[in-house]
There are 2 protein chains.
Amino acid sequence: MTTASTDAALAILRSHGERVTAARRAVIEVLQPHDHLTADEIAARAEAAAPGVHRTTVYRALATLGEIGLIAHTHVAGSATIYHLTADSDADDHHELDHAHVQCTECGSLFNVEDRLLAPLADDLERQIGFRLDVHHAALLGVCARCQESVASD
Amino acid sequence: MTTASTDAALAILRSHGERVTAARRAVIEVLQPHDHLTADEIAARAEAAAPGVHRTTVYRALATLGEIGLIAHTHVAGSATIYHLTADSDADDHHELDHAHVQCTECGSLFNVEDRLLAPLADDLERQIGFRLDVHHAALLGVCARCQESVASD
DNA sequence: CTGCTTGCAAAGTGTTTGCAGGCCC
DNA sequence: GGGCCTGCAAACACTTTGCAAGCAG
């Protein structure tokens with residue numbers, strides 16, 4: 001399950017003139033089953049596939065893979081950025097539909113929002129100020145259903 | 001220009017059982033003319049009104065004023081949170097319409113987006129998953145018109 | 001072999017916390 | 001005066017950078 005799509009991703013890596021290393025392979029493999037991991041979580045789990053991978057290396061691998069477009073990241077308010085594979089990186093494409101993230105400022109939970117819901121907004125922005133919105137790049141904030149009884153803060 | 005609305009804000013502060021101090025007054029005054037300041041920028045400018053105000057104190061003042069609802073903040077990707085007064089805090093209410101922020105991942109520029117554009121999305125989220133969106137709380141990311149010729153990164 | 005990648009250490013942001021003293025009410 | 005606020009120092013979480021050694025191609 002991992003190997004097939006991982007190899008596809010590595011092939012893309014190579015085709016961009018980048019070297020295939022244990023660290024980069026580990027990062028991709030770790031992201032396969034888990035979509036919302038922080039750099040530290042990735043580093044921790046990568047230990048299994050590539051003992052000794054340093055957090056620094058994970059950050060650098062994430063940057064490289066991100067430039068190529070194999071992975072993307074989402075900024076979440078007040079805590080670590082989360083990373084995920086893009087559809088491109090997954091040969092099997094058994095991926096769920098692309099989605100944006102909304103985060104509850106109370107409990108921190110992340111929810112997925114279908115891109116479709118954000119399309120009208122993106123269109124408006126493009127038309128009005130020429131701004132090309134990337135709906136995946138930052139989490140939208142608010143309060144989830146479960147937390148709406150409690151008071152608000154951050 | 002500052003004094004009138006500042007006093008109104010301070011009255012609200014007092015009415016919440018909080019003490020009115022030089023540091024808190026300075027934070028409010030500094031935010032009056034400038035809407036998008038980071039904690040550090042606020043601390044730097046507050047020096048004028050209240051010499052010696054420490055960054056730490058600014059953070060604590062911002063937290064307190066935020067809990068009361070006099071100010072709000074917006075998380076921007078990869079850099080410092082920006083703070084602004086809320087409509088409540090401004091007696092004169094000569095405020096521009098409330099707006100959300102979109103940020104260019106290339107040049108870092110911030111743009112305002114009328115809340116109106118985000119209303120349909122907020123409604124959808126509320127209906128579908130009971131999530132109450134706070135459109136002001138995090139900046140949306142994308143690429144501005146001027147930067148769209150260049151390549152992308154972050 | 002050439003030089004892209006890595007590991008380590010250290011620095012860099014942005015923000016928070018512990019504690020003693022100071023000021024608002 | 002009592003206790004909330006402040007200043008200072010230090011710690012904190014996350015991320016980046018410099019440099020010598022290592023491995024991919």
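For the numbers below, each heavy atom of this structure counts, side chains included, while hydrogens, waters and symmetry mates do not. What you are looking at is a predicted structure, and each value in this text was computed from that prediction instead of being measured. Residue numbers begin at 1 in each chain, while the letters A, B, ... track the order of the sequences.
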With a 4.0 Å heavy-atom cut-off, tell me which residues in residues 42-58 of chain B come close to DNA chain C, sorted by residue number. Arg55(B), Thr56(B)
Can you pull the contact range of chain B along DNA chain D, 5' to 3', using atoms under 4.0 angstrom from its heavy atoms? dG2(D) to dA9(D)
Send over the distance from Leu62(B) CG to dT16(C) C1', rounded to a whole Å. 13 Å
Hey, what do you get for CG (Leu31(A)) to CG (Leu85(A)), rounding to the nearest 0.5 Å? 5.0 Å
Does the gap between the ring centers of His73(B) and His137(B) come in under 6.0 Å? yes
Are the ring centres of His75(A) and His75(B) closer than 6.0 Å? no
Measure the shortest side-chain to side-chain distance between Glu126(B) and Asp123(B) over non-hydrogen atoms and say whether it is less than 4.5 angstrom. no
If an axis is fit to five pairs at each end of the helix from dC1(C)-dG25(D) to dC25(C)-dG1(D), what is the angle between the two, to the nearest 10°? 30°
Any Tyr59(B) side-chain nitrogen or oxygen under 4.0 Å from OP1 or OP2 of dT16(C): no
Do you know which two heavy atoms are closest between Gly52(A) and Glu47(A), and how far apart they sit? N-OE2, 3.2 Å
If you look only at distance, which donor and acceptor atoms sit under 3.5 Å apart when one is on a side chain in residues 12-19 of chain B and the other is two or more places apart or in another chain?
unit_1	atom_1	unit_2	atom_2	d
Ser15(B)	OG	Ile12(B)	O	2.7
Glu18(B)	OE1	Arg24(B)	NH1	3.4

Could you check if a side-chain atom of Leu117(B) sits within less than 4.5 angstrom of a side-chain atom of Gln128(A), using non-hydrogen atoms only? yes
In 5'-to-3' order, the base (B), backbone-only (S) or no-contact (-) status of each nucleotide in nucleotides 19-25 of chain C, using a 4.0 angstrom heavy-atom cut-off, is -----BS
Going by atom types only, do Ser109(B) and Gln103(B) share a side-chain donor-acceptor pair under 3.5 Å? no
Residues that, via side-chain heavy atoms closer than 4.5 angstrom, fall in one hydrophobic cluster with Ile82(B): Val76(B), Leu110(B)
Can you tell me the distance, in whole Å, between the CG atom of Leu13(A) and the P atom of dC4(C)? 15 Å
With side chains defined as the heavy atoms from C-beta onward, is the minimum distance between Leu37(A) and Tyr83(A) less than 4.5 Å? no
Is any side-chain heavy atom of His84(A) closer than 4.5 Å to a side-chain heavy atom of Ile71(A)? no
If we only count heavy atoms from C-beta on, is the Val113(B) to Leu140(B) side-chain gap below 4.5 Å? no
So what does Ala23(A) touch, heavy atoms closer than 4.0 Å: a base, only the sugar-phosphate, or nothing? sugar-phosphate
Distance check needed: dT15(C) C1' versus Ile82(B) CD1, whole Å only. 16 Å
State, yes or no, whether a side-chain contact exists between His101(B) and His136(B) at a heavy-atom distance under 4.5 Å. no
Please classify the nucleic acid contact of Thr81(A) as base, sugar-phosphate, or nothing, using heavy-atom distances under 4.0 Å. sugar-phosphate
